[in-house]
Amino acid sequence: MFSKKNEPSSPGNSGENASLPATSPGGASRPNGPRKAPPPPPPRPGAAGGARPLPKIKSKPVDALNADLSESKAPPRPASGLGARKSIIETASEERQSVQIAEQRKLNEDKLLPADTKRGGLRRDGSDEPTQKPLGVEDQREGASGFGANRGRNKSKKNEQEKPAAKVEPERPTHDQAYYDLKAEIFSSLIDAMDMSRIVELARSEAEGEITQIVNEIIGVKGHLMSITEQKRLVEDICDDVLGYGPLEPLLARDDIADIMVNGAEQVYIEVNGKIELTNIRFKDNQQLLEICQRMVQKVGRRVDDSSPICDARLLDGSRVNVIAPPLAIDGATLTIRKFKKDKLKMSDLIKFGALTPEAAKVIQIAAACRCNILISGGTGSGKTTLLNCLSGFAGDDERIITCEDSAELQLQQPHVVRLETRPPKLEGGGEVSMRDLVKNCLRMRPERIIVGEVRGPEAFDLLQAMNTGHDGSMGTLHANTPREGLSRVESMITMGGFSLPSKTIREMMCAAINVVVQAQRLRDGSRRITHISEVLGMEGDTIVTQDLVRYKITGEDDKGKLIGKHVSTGIGQPAFYERARGYNMDVELQDALASMEEDSN
């Protein structure tokens with residue numbers, strides 16, 4: 001009969017229930033038979049007969065700045081995962097967020113801990129050890145106990161009773177090795193990015209502008225996290241290294257510093273107001289210090305190296321420089337700079353500083369103006385050169401003055417000045433020009449005054465010869481403690497020069513040549529004073545006769561440790577150069593100055 005094969009089946013039945021008897025809603029059974037298979041699933045993308053997917057276009061690789069890296073030879077970066085490299089901007093942003101989170105977490109922790117104003121708070125475990133304050137790039141130091149002479153001085157003991165903290169003035173922070181490594185990295189990139197030979201030829205302001213711009217770009221590209229203050233100081237340090245003398249530039253810019261003393265890479269001392277102080281300036285290493293020393297001396301045609309480890313030179317502003325390098329200096333190169341003020345000092349400035357009174361200054365002024373031969377003696381750093389500069393201001397503008405120095409440091413105030421400087425021997429051994437050669441050559445240059453910066457050898461004989469042959473008003477300085485010891489030193493230097501002259505003959509030459517001896521001294525409180533104004537009278541037998549016109553008398557000490565004193569006259573109304581002063585119409589002023597100091601002494 002008819003087959004039930006083609007009867008329609010209910011779509012609600014599944015293929016798994018085809019063998020079960022079908023029932024109608026009323027309960028009647030449905031005829032048995034195979035059921036139709038379910039409809040096929042939708043076509044798979046890309047399969048035949050299905051919809052074609054959109055073509056996949058491979059985008060070109062780019063970096064954070066949208067630069068095309070398709071032709072780059074570098075290995076491809078991983079798209080994501082642990083090995084993926086991030087751009088500088090992404091890295092800097094994440095690091096900045098990490099720092100902010102860490103700082104916020106630390107602030108929250110500090111609020112929960114008891115405060116300790118001196119030691120920075122207690123630790124979480126309850127111990128009494130201080131929590132270390134995080135330091136910036138340039139605030140970190142090598143260890144927590146200081147450097148150089150201060151190394152190990154600040155070590156505290158756990159059971160030691162704490163003392164109240166003393167008020168400390170803020171200082172320029174020192175740098176650790178990480179800072180120097182960062183500066184070396186940026187400096188190396190700077191050299192690759194610009195022409196240093198062109199930068200050196202520019203004016204300092206223009207060169208600093210270009211260096212600052214390039215360094216800021218390098219810091220941004222490399223993604224270093226630095227505050228504005230740190231970045232500004234780093235730029236200043238790099239400019240000082242390129243255009244100046246590195247870490248010494250801040251000290252050279254100060255006008256209140258008299259001496260800078262560098263004892264190796266980690267110790268830098270300065271003299272301020274007659275007192276020596278330790279600074280926090282340091283160098284990266286001894287090699288950087290030696291390179292700066294070489295840069296200083298090369299500008300005046302000198303050299304310092306293993307073959308010539310001792311060198312005397314000067315800076316462009318006249319500051320005197322002495323360098324002694326290894327192997328003679330065991331702990332690294334030793335550098336000593338005697339600075340001079342930018343403004344030339346006058347006699348009125350010495351009076352203001354208290355080096356001498358107006359009456360004593362008047363006596364010295366008359367002696368220099370009436371062309372007396374003056375010898376200035378004193379110890380190291382007592383102000384001999386400064387006084388010599390001031391005395392030169394009393395010479396006439398129409399006088400021809402010739403100076404002879406080992407390193408030119410005199411700053412004379414006259415228009416007609418010829419400056420001569422000695423020269424050390426060359427590397428081959430020849431070419432040396434000594435002080436005696438210069439003094440002898442001065443006699444052929446039609447001088448009216450000859451000034452020797454420092455008499456320290458046989459040139460003393462040639463200076464006396466010049467003083468005795470019509471060159472009145474000549475001056476010189478030497479190291480001695482008293483005026484009489486200064487005359488003895490002149491005699492000793494002439495004798496050491498190999499002159500086979502009797503002592504009496506040398507002394508007679510000195511009495512005929514030298515008229516006035518001025519003694520400068522640095523007192524124990526650091527102040528500089530003119531302690532003696534003496535004149536040479538002549539010979540009595542084999543002895544040189546001198547007499548003091550003015551002395552400095554110490555009368556006491558104030559609460560701050562400063563010595564109090566005054567210049568007094570010894571009672572001599574008419575010194576030996578009184579007739580010479582009368583020839584210049586200065587005899588009355590000389591008598592008045594001596595008389596006023598005599599009255600003050602009573």
Side-chain angles (χ1 to χ4, degrees), residues 356 359-378 384 387 391 394 449-450 452 455 460-461 463-478 480-495 501-521 530-553 567-584 586-598 601:
L356 71 171
E359 295 79 12
K362 193 66 176 180
V363 175
I364 301 178
Q365 175 183 350
I366 294 174
C370 64
R371 300 177 66 92
C372 291
N373 295 324
I374 301 176
L375 186 65
I376 302 174
S377 66
K384 301 184 299 297
L387 179 59
L391 289 180
F394 301 117
R449 292 180 188 247
I450 298 176
V452 178
V455 182
F461 178 79
L463 179 61
L464 294 181
Q465 290 280 66
M467 291 179 175
N468 283 327
T469 54
H471 302 92
D472 295 336
S474 299
M475 305 177 190
T477 67
L478 81 161
N481 296 324
T482 62
R484 181 166 291 277
E485 289 183 9
L487 298 176
S488 300
R489 282 213 63 207
V490 174
E491 181 181 354
S492 301
M493 288 185 286
I494 294 175
T495 304
L501 296 174
S503 298
K504 186 176 182 179
T505 303
I506 298 176
R507 293 174 184 175
E508 288 176 351
M509 290 177 57
M510 294 167 53
C511 292
I514 302 174
N515 303 117
V516 178
V517 181
V518 180
Q519 180 70 33
Q521 186 176 351
I530 304 300
T531 58
H532 293 80
I533 302 176
S534 305
E535 62 176 351
V536 181
L537 299 179
M539 294 278 296
E540 285 187 2
D542 293 339
T543 305
I544 299 177
V545 179
T546 62
Q547 67 177 8
D548 294 336
L549 299 178
V550 179
R551 293 177 182 173
Y552 182 73
K553 181 179 180 181
H567 290 84
V568 298
S569 173
T570 58
I572 299 175
Q574 291 187 354
F577 63 92
Y578 177 78
E579 293 298 329
R580 185 188 291 263
R582 178 183 291 180
Y584 287 83
M586 296 182 179
D587 52 336
V588 177
E589 297 179 9
L590 178 60
Q591 285 183 329
D592 293 343
L594 293 174
S596 61
M597 286 186 287
E598 184 179 358
S601 62

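Hydrogens, waters and symmetry mates are skipped; everything else that's a heavy atom, side chains included, is used.
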>> Please evaluate residues Phe577 and Leu549 with respect to the criterion side chain to side chain contact (heavy atoms under 4.5 Å, CB included), reporting the C-alpha separation (whole Å), side-chain torsions for both, the decisive distance (0.1 Å), and the verdict.
In response: CA-CA 11 Å; Phe577 63 92; Leu549 299 178; 3.8 Å; yes
>> Could you check whether Gln519 and Thr531, counting side-chain N and O atoms only, form a donor-acceptor pair closer than 3.5 Å?
In response: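 Side chains of Thr531 and Gln519: no pair found under 3.5 Å.
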> Are Thr570 and Arg551 linked by a side-chain donor-acceptor pair shorter than 3.5 Å?
Replying inline: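 Per modelled atom types, Thr570 and Arg551 side chains form no pair under 3.5 Å.
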Roughly how far, to the nearest 0.5 Å, is the [atom2] atom of [Y] from the [atom1] atom of [X]?
X      : Y      : atom1 : atom2 : answer
Glu535 : Ile374 : CD    : CD1   : 12.0 Å
Glu359 : Glu589 : CD    : CD    : 13.0 Å
Thr495 : Ile506 : OG1   : CD1   : 4.0 Å
Asn481 : His532 : CG    : NE2   : 11.0 Å
Ser534 : Ile514 : OG    : CD1   : 12.0 Å
Lys504 : Met509 : NZ    : CE    : 15.5 Å

Does a side-chain heavy-atom distance below 4.5 Å link [X] with [Y]?
X      : Y      : answer
Ile494 : Leu464 : yes
Ile376 : Leu391 : yes
Ile530 : Ile533 : yes
Val545 : Cys511 : no

Search all heavy atoms of [X] against all heavy atoms of [Y] and return the closest pair with its distance.
X      : Y      : value
Gln591 : Gly573 : CG-O, 3.7 Å
Leu356 : His567 : CA-CE1, 3.2 Å
Lys384 : Ser377 : CD-C, 3.8 Å
Leu487 : Val536 : CD1-CG2, 4.1 Å
Asn373 : Gly473 : OD1-N, 2.9 Å
Arg449 : Ala368 : NH2-O, 3.1 Å

Return yes if some donor-acceptor pair links the side-chain N/O of [X] with the main-chain N/O of [Y] below 3.5 Å, else return no.
X      : Y      : result
His471 : Ala466 : yes
Arg507 : Asp542 : yes
Asp587 : Tyr578 : no
Thr543 : Met539 : no
Thr505 : Leu501 : no

>> Apply side chain to side chain contact (heavy atoms under 4.5 Å, CB included) to residues Leu537 and Thr546 and explain how you reach the verdict.
In response: CA-CA 5 Å; Leu537 299 179; Thr546 62; over 6 Å; no
>> Let's go through Asp472 and Arg371 carefully: what are the C-alpha distance in whole Å and the side-chain angles of both, what is the deciding distance for salt bridge (charged side-chain N to carboxylate O under 4.0 Å, His left out) to 0.1 Å, and is it a yes or a no?
In response: CA-CA 5 Å; Asp472 295 336; Arg371 300 177 66 92; 5.2 Å; no
>> Between Val490 and Leu478, is the side chain to side chain contact (heavy atoms under 4.5 Å, CB included) condition met? List the steps.
In response: CA-CA 8 Å; Val490 174; Leu478 81 161; 3.9 Å; yes
> What residues, two or more places apart in sequence or in another chain, satisfy ring-ring contact (aromatic ring centres under 6.0 Å, His included) together with Phe461?
Replying inline: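 Phe461: ring-ring contact (aromatic ring centres under 6.0 Å, His included) contacts with Phe499.
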>> Quick one, Leu375 with Val518, criterion side chain to side chain contact (heavy atoms under 4.5 Å, CB included). Give me CA distance, side-chain angles, the key distance, then yes/no.
In response: CA-CA 6 Å; Leu375 186 65; Val518 180; over 6 Å; no
